[in-house]
Amino acid sequence: MSEQPAPADHARQQLEPAAADAVRAYAAQTRESADRLAAVLEDIAANGLPSAEDCTPWEELRQAKLARLAAQRPAVA
């Protein structure tokens, strides 16, 4: 992404304060996720991959995620 300012002949549309706050919150959440991923990758680079016994199988992770998503969605009658 470019750090250059927008050209002067194209005016930028300002966001409503609530929308700007939502964008900032999303940016903070995304940055936090990226920082967690970077920490995991740095740990792997420094210490190698964890043993299979210390890991959670992807099937269990998938089922847990699906259960969380199902709990968020209202039941259809």
Side-chain angles (χ1 to χ4, degrees):
M1 288 196 211
S2 176
E3 295 293 327
Q4 298 175 349
D9 59 339
H10 291 83
R12 297 183 78 168
Q13 180 181 357
Q14 294 297 312
L15 297 176
E16 295 292 326
D21 289 343
V23 170
R24 286 186 197 96
Y26 180 73
Q29 181 183 13
T30 302
R31 189 175 295 112
E32 182 181 324
S33 294
D35 288 345
R36 278 196 313 266
L37 175 60
V40 168
L41 295 175
E42 288 170 354
D43 180 68
I44 290 170
N47 303 307
L49 291 170
S51 68
E53 294 81 26
D54 293 336
C55 296
T56 304
W58 71 269
E59 295 91 348
E60 290 180 26
L61 296 172
R62 180 191 63 208
Q63 290 304 321
K65 178 65 173 183
L66 290 174
R68 285 192 304 272
L69 291 173
Q72 292 174 355
R73 187 168 59 175
V76 176

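Both backbone and side-chain heavy atoms feed into the values below; hydrogens, waters and symmetry mates do not. When a residue number appears, it is its place in the shown sequence, counting from 1.
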Open item on the list: Could you measure the distance from the CZ atom of Arg31 to the OH atom of Tyr26? Nearest 0.5 Å is fine.
Closed with: 12.0 Å
Open item on the list: I need the Gln29 CD to Glu32 CD distance, nearest 0.5 Å.
Closed with: 7.5 Å
Task: Full working for side chain to side chain contact (heavy atoms under 4.5 Å, CB included) between Lys65 and Leu69 - done: CA-CA 6 Å; Lys65 178 65 173 183; Leu69 291 173; 4.2 Å; yes
- [ ] Please check if atom CD in Glu16 has more than 12 non-hydrogen atoms from other residues, nucleotides or ligands closer than 6.0 Å.
- [x] no
TODO: Check whether Leu49 and Val40 end up in the same hydrophobic cluster, where Ile, Leu, Val, Met, Phe, Trp and Tyr are linked by side-chain heavy atoms less than 4.5 Å apart.
DONE: yes
